[in-house]
Protein chains: 2
Amino acid sequence: MDIKTLCLGSLTLGEASGYEIKKLFEEGPFAYFYHASYGSIYPALGELLKNELITMREEAQDGRPDKKVYAITPKGQEVLSQKLKKVPAPDKIRSESMLMIFLADNIDARQLEDVFDGYLASYREKLACVSEPSDQEIEPHCQFAVGFGQALYSAAITYMEENKNLLLEPSQQKAAQ
Amino acid sequence: MDIKTLCLGSLTLGEASGYEIKKLFEEGPFAYFYHASYGSIYPALGELLKNELITMREEAQDGRPDKKVYAITPKGQEVLSQKLKKVPAPDKIRSESMLMIFLADNIDARQLEDVFDGYLASYREKLACVSEPSDQEIEPHCQFAVGFGQALYSAAITYMEENKNLLLEPSQQKAAQ
DNA sequence: ACCGGCATGTAACGGGTTACATGATTTT
DNA sequence: AAAATCATGTAACCCGTTACATGCCGGT
């Protein structure tokens with residue numbers, strides 16, 4: 001499952017430009033399960049267009065640069081359906097923040113607190129972003145995805161708030177076993 | 001933060017072989033925030049050894065192949081501390097399962113249910129794995145990491161169980177807004 | 001005057017995965 | 001007899017990120 005599939009999939013939700021697709025997975029409520037940079041999205045759209053899996057229409061905007069609006073074709077729909085037929089690969093996560101917390105012995109307390117606070121702040125931001133009411137009507141399965149993100153972020157925030165002491169208390173009291 | 005840093009960091013927890021490091025991030029309680037394959041770990045260890053950031057000792061075992069046990073050197077400790085000084089990059093997640101759920105319109109109900117069930121099962125497995133009591137004494141910050149994983153997995157499982165209907169009910173009843 | 005947001009792209013570089021190769025031993 | 005686990009390693013390949021390049025418009 002590569003970025004081409006991601007772009008194709010995004011376009012089943014409606015027309016969009018490369019810029020908009022990027023925002024969807026960088027800032028939007030769906031940022032928690034996938035993301036991609038311009039350097040992969042624009043070339044992907046180029047190839048999809050070449051293979052006629054999508055169409056492109058240039059749209060002039062006032063006060064802003066033109067944009068290229070892409071839409072999926074029937075052929076693209078078919079290819080997408082085919083690509084989605086295989087079993088999904090297991091999740092791949094890479095969290096440097098958690099790695100640093102895990103390796104906390106090797107960093108000083110000051111920095112550890114910075115990492116912790118930054119991580120917590122990032123979750124609060126993500127939660128806020130995923131929680132802001134959308135203007136559009138949301139389909140049930142998108143609602144499911146959004147709610148899933150909310151649930152995860154909330155759990156993370158709560159846990160971090162309640163267990164900060166485990167990490168940052170100088171007197172490392174241990175729970176009696 | 002690359003796999004070399006990961007290996008170096010792992011070795012601050014104690015000596016280990018490449019095989020053991022892989023298991024730590026593939027099966028162990030820390031599988032949720034990072035992982036790496038042999039194809040990256042073995043070369044990484046090779047380079048670290050070449051740079052004298054780690055040492056290697058071959059250990060014969062009965063009934064099993066020999067293994068190469070690596071340990072971090074003072075120089076390695078220094079390099080690690082240095083590498084951990086920068087601000088951690090934001091988390092990178094790639095969940096094909098959630099992407100498929102998000103694109104549920106493009107797959108048939110039967111497969112969607114398979115994806116859902118598989119995803120839920122994988123979370124249950126992970127939770128079980130992260131919850132099994134360790135034989136070793138755990139440092140507070142490792143405890144924090146383990147607890148974090150538990151909290152996230154639990155939240156995911158609960159959410160999925162309670163909202164399966166959002167995704168799989170044929171009668172897509174919507175909540176009144 | 002400058003910065004941030006909108007908008008599209010490219011090219012080099014690197015990093016890691018996948019697949020292959022090998023082999024002993026234990027479990028089924 | 002086959003499959004799974006332990007154990008190490010290599011090499012090709014590919015995908016994606018980073019950084020660069022460009023430019024307009026609106027707000028401060």
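Residue numbers begin at 1 in each chain, while the letters A, B, ... track the order of the sequences.
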Next on the checklist: As a test of reading the structure: which of D/dT17, D/dT10, C/dA7 is closest to the side chain of A/Y42, going by heavy atoms?
Outcome noted: C/dA7
Checklist outcome for this item: A/E27 CD to C/dC6 C1', in whole Å, measures 11 Å
Checklist entry - Are OP1 or OP2 of C/dT8 and a side-chain N or O of A/Y38 less than 4.0 angstrom apart? => result no
Checklist entry - With a 3.5 Å cut-off and no angle check, do the side chains of A/Y119 and B/D91 form a donor-acceptor pair? => result yes
Checklist entry - So which nucleotide from D/dT10, D/dT17, C/dT17 ends up closest to the side chain of A/R94? => result C/dT17
Checklist entry - Do the rings of A/F30 and B/F102 sit parallel, tilted or perpendicular, given the 30° and 60° boundaries? => result tilted
Checklist entry - For B/K67 and C/dT25, what is the distance between atoms NZ and C1' respectively, to the nearest whole Å? => result 16 Å
Item to check | Length of the line joining A/K23:NZ and C/dG4:C1', which is rounded to integer Å | outcome: 14 Å
Checklist entry - In whole Å, what is the span from the NZ atom of B/K22 to the P atom of C/dT18? => result 10 Å
Checklist entry - Which nucleotide in the set D/dG16, D/dT8, D/dT17 lies at the smallest distance from any side-chain heavy atom of B/K92? => result D/dT17
Checklist outcome for this item: DNA chain D nearest-nucleotide lookup for A/P65 and A/A36: closer to the 5′ end is A/A36
Item to check | Among D/dC15, C/dG15, D/dT5, the nucleotide that comes nearest once only the side chain of A/D2 is considered | outcome: D/dC15
Checklist entry - Does a side-chain N-to-carboxylate-O contact under 4.0 Å join A/E161 and A/R124? => result yes
Next on the checklist: So, OP1 or OP2 of D/dT17: does either fall under 4.0 Å of a side-chain N or O from A/S40?
Outcome noted: yes
Next on the checklist: Base, sugar-phosphate or nothing for A/Y70? Non-hydrogen atoms, less than 4.0 Å.
Outcome noted: sugar-phosphate
Item to check | Exercise: identify the closest heavy-atom pair between A/I54 and A/L11 | outcome: CG2-CD1, 3.5 Å
Item to check | Under-4.0 Å side-chain N/O to phosphate OP1/OP2 contact, A/S17 with C/dT8 | outcome: yes
Next on the checklist: From CZ of B/R57 over to C1' of D/dT8, roughly how many Å is that when rounded to an integer?
Outcome noted: 17 Å
Checklist outcome for this item: B/I21 CD1 to D/dA7 C1', in whole Å, measures 13 Å
Next on the checklist: Expressed as a whole number of angstroms, how long is the span from A/E20:CD to C/dG9:P?
Outcome noted: 13 Å
Checklist entry - Looking at A/Y19, is A/K22 sitting on its ring face, NZ or CZ under 6.0 Å from the six-membered ring centre and within 45 degrees of the normal? => result no
Checklist outcome for this item: When rounded to whole Å, the OH to P distance for the pair A/Y19 and D/dC24 reads 17 Å
